[in-house]
Every structure is written in structure tokens, then in C-alpha cells.
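To start, the structure under review is shown below, and the notes come after it.
Numbered from 1 within each chain, the chains take letters A, B, ... in sequence-line order. No experiment lies behind these values; they were computed from the predicted model shown.
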Amino acid sequence: MPEGHSVHRIARQFERHFQGVPVAVSSPQGRFAPGAAQLDGHRIVRAMAVGKQMFLEFDHGLWLRVHLGIYGAWDFAGDITAGGTGEASTASIGAPRLTRLRMSEQEQLAPDIQSFPPEPIGAVRVRLLTEAAVADLRGPTACEVQTADEVAASIAKLGPDPLEVDATEGEEQFVAVVGRKPTPIALLLMDQAVLSGIGNVYRAELLFRARLNPFTPGRELADGVVRELWRDWTHLLRIGVETGRMYTMDDEDSGEERPEHWVYKRDGLPCLVCGTNVVMEELGGRKLYWCPVDQA
DNA sequence: CATCGATGTTGAG
DNA sequence: TCAACCTCGATGG
């Protein structure tokens, strides 16, 4: 479920609380026991997010690759901080508070844990445990140990992630690929081999913000329009990573009663710009929302 | 309390 | 094209 911004935030949590210290790796559920044994006791030296995938590098050269899929989630607990760079630690001067934070497409604080480490809840595929913090992974689509070469191969299959690649190179690559595809732009934006990290919410919102017809073939779009899509995705992704929310309306301070999004999940409701009813259609097995007038 | 559907991807057919 | 993966909040009876 999470789109790219969440994965960057999760990687940030690992950098902040798990990097540089020995990590006990286990698989309470059992399904990942062999992989856990390969990593157990080593230190995490790097956490990297590329699109919707996260890669944790350990000090002996092996990596953990995780993709949350549609309902995977990380639960962090212990002496941890929640959220963005500017937020203060929850640890007080005295005993650390035992915060519990669930990170999936949404982030939510759960009631503090009573003892550390807490018992695993449900089917925990992998548990990463340090002296101060614990991370439990549940329901992922992918969770595997990789060599550095395998990591490189995984990343090579992915289109550019604006926060991971050189901005100019990423933009040029995206423009070049879109420019030769007959595929509807709505499908290209969701194609992780073309551009990394966009999911169904950001897809619909980016297309509306650009006032683009979702069915326009990539190669029929002017380069400038495609560049603007890249730049807007970069913009929205940055906001998402900093806030933990999928802000797409650029006016957080306007009325409290405003909808969260321009068109996503607003089929049958009036377009916020022109009043025409937003429509929904299945495309490539996913629901696509757009305004038939503003995005004609 | 049962059922549905989801911000995703893979792989079978 | 569609089921499977196997979680969990929202919805309805």
C-alpha cells in the first residue's frame, strides 16, 4: 500500500535507530528463518529506499531487500522517534519511553509498550532488534537476503527515484522513455520500471495537477509536459517524505473541511475546480480517477 | 461478527 | 486477465 514517500521514511527510521549497532535478526513466524540466520548479529551500515523497495546493507556485504506490497507494514518500538527530521525524540531525560510506531501507508502511534522487547504480534516475518529498538515486519510481498550484485540488479530494473538519483539524469531518462512509448501516461506513471515510487494515489493526483488526459500516449506528450510531471513528482515526494502525509493540494492551511485529494477516490463527486463529476475507470487492473473536463 | 476492499506485485494460465 | 499473497480498517447486518 505505501507509495514511495513511506519507504523513504522507513529507511530513515533504520538509519536513525539501527545503523551502526549490532542487530539481532530473527523470524518469529519462521518463514524467513534461513535468511535471518545469515544476517543475525551483524551491523546495518546503510538503509536505502528506491521507489517502493528498501534495501538494508549489513557489515558483511549482504543486504535485506523488502517490498511491503499491498498490506505489508513495519512496526517500530522502543526508544525511537516518530516522523520527520524536525520532530523531537520521545526519549525523556530519565527512562526512555517505549514508543510504538506502525509504518505502512499511514503512520500511527500505538499505545506505548510496557516492556522491551515486546512480544511479536501476529505473523512477524522478520524482527530486527537492538538494545534500544525493535522493528517487526509483517505481510511483505518481498523479504529476502541479497548479495551486492543482486541488489544492483534489483535497482537496475527500477526507473529513477527522484530522491535517489541525480535530478537531471533522472529527468532525462524519464523524458526519453516516456517519449517513445505508445502506452497511456496513466500506465507509464505506475510502471516502476519507468519511474519509481508512484502508486495509485499519486498517479491520479499528478495527472490532475497537470490537467492531463490519462489516456494520452506517452510519445504524444510534449517534452516540457513530461518534464513538468517529473518535477511535480519530485515536489510531491519531498513533501510526502517530510510530512508523512500524501499532500497533493498545495494548500494545507485552507479550510479543514476540504477533501484530501483532487480526484483520488472522488468518483461521482464534483471536481473541485470545474464541478463536473469525477469519473473512475479500471485500467490495468487498478482504479483510475480523473475529471473528464479539466483533463479532457 | 462477517465481508469487502486497498496507496502492489508476481506468476500461472 | 486474474488469482494469490495473507493484513486490517471500513462497512454492513
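Remark: P of B:dG5 and CD of A:E282 are 11 Å apart, rounded to the nearest angstrom. If you measure from atom CD1 of A:I70 to atom P of B:dG5, you get 12 Å, rounded to the nearest angstrom. Between the CZ atom of A:R138 and the P atom of C:dC5 there is a distance of 19 Å, given to the nearest Å. What separates CG of A:L195 from P of B:dG8 is a distance of 13 Å, to the nearest Å. Atom-to-atom, CE of A:M246 to P of B:dA6 comes out at 15 Å; the value is rounded to the nearest Å. With rounding to whole Å, A:L288 atom CG is found 11 Å from B:dT7 atom P. Here the P atom of nucleotide B:dA6 and the NE2 atom of A:H261 are 14 Å apart, to the nearest Å. Nucleotide B:dT7 holds its P atom 15 Å from the CG atom of A:L189, rounded to whole Å.
Applying the 6.0 Å contact sphere to CD of A:E282 captures more than 12 heavy atoms from other residues, nucleotides or ligands. Counting heavy atoms of neighbouring residues, nucleotides and ligands inside a 6.0 Å radius, atom CD of A:E131 does not exceed 12 of them.
Note on A:R102: only backbone sugar-phosphate atoms sit closer than 4.0 angstrom, heavy atoms only; bases stay farther off. Residue contacts for A:A73: at a heavy-atom cut-off of 4.0 Å it reaches no nucleic acid atom on any strand shown.
Phosphate proximity of C:dC5 to A:Y71: absent, as no side-chain N or O sits under 4.0 Å from OP1 or OP2.
Both tests pass for A:R211 against the ring of A:F208: distance under 6.0 Å to the centre and angle within 45° of the axis.
Residue pairs meeting the salt bridge (Lys or Arg N to Asp or Glu O under 4.0 Å) criterion with at least one member in residues 167-185 of chain A, sequence neighbours excluded: A:E171-A:R227, A:E171-A:R231, A:E172-A:R227.
Consecutive Watson-Crick or G-U pairs involving DNA chain B, each under 3.5 Å on both distances, make up stems of three or more pairs at B:1-6 with C:7-12, B:8-12 with C:1-5.
The aromatic rings of A:F174 and A:W230 are tilted relative to each other, their planes meeting at an angle between 30° and 60°. Taking the six-membered ring where tryptophan is involved, the planes of A:H261 and A:Y264 are perpendicular, since the angle between them exceeds 60° and thus also 30°.
Separating the P atom of B:dG5 from that of C:dG13 is a span of 13 Å, rounded to the nearest Å.
When all heavy atoms of A:Y247 and A:I239 are compared, the closest pair comes out as CB-CG2, 3.9 Å.
At a cut-off of 3.5 Å, with distance as the only test, no side-chain donor of A:R102 or A:Q108 sits close to an acceptor on the other residue.
A:D112 and A:R100 are not joined by a salt bridge, as no carboxylate oxygen comes within less than 4.0 angstrom of a charged side-chain nitrogen.
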Show each protein N/O and nucleotides 9-13 of chain B N/O combination with a separation under 3.5 Å, one pair to a line.
from	atom 1	to	atom 2	distance (Å)
B:dT9	OP1	A:H67	NE2	3.3
B:dT9	OP2	A:K52	NZ	3.3

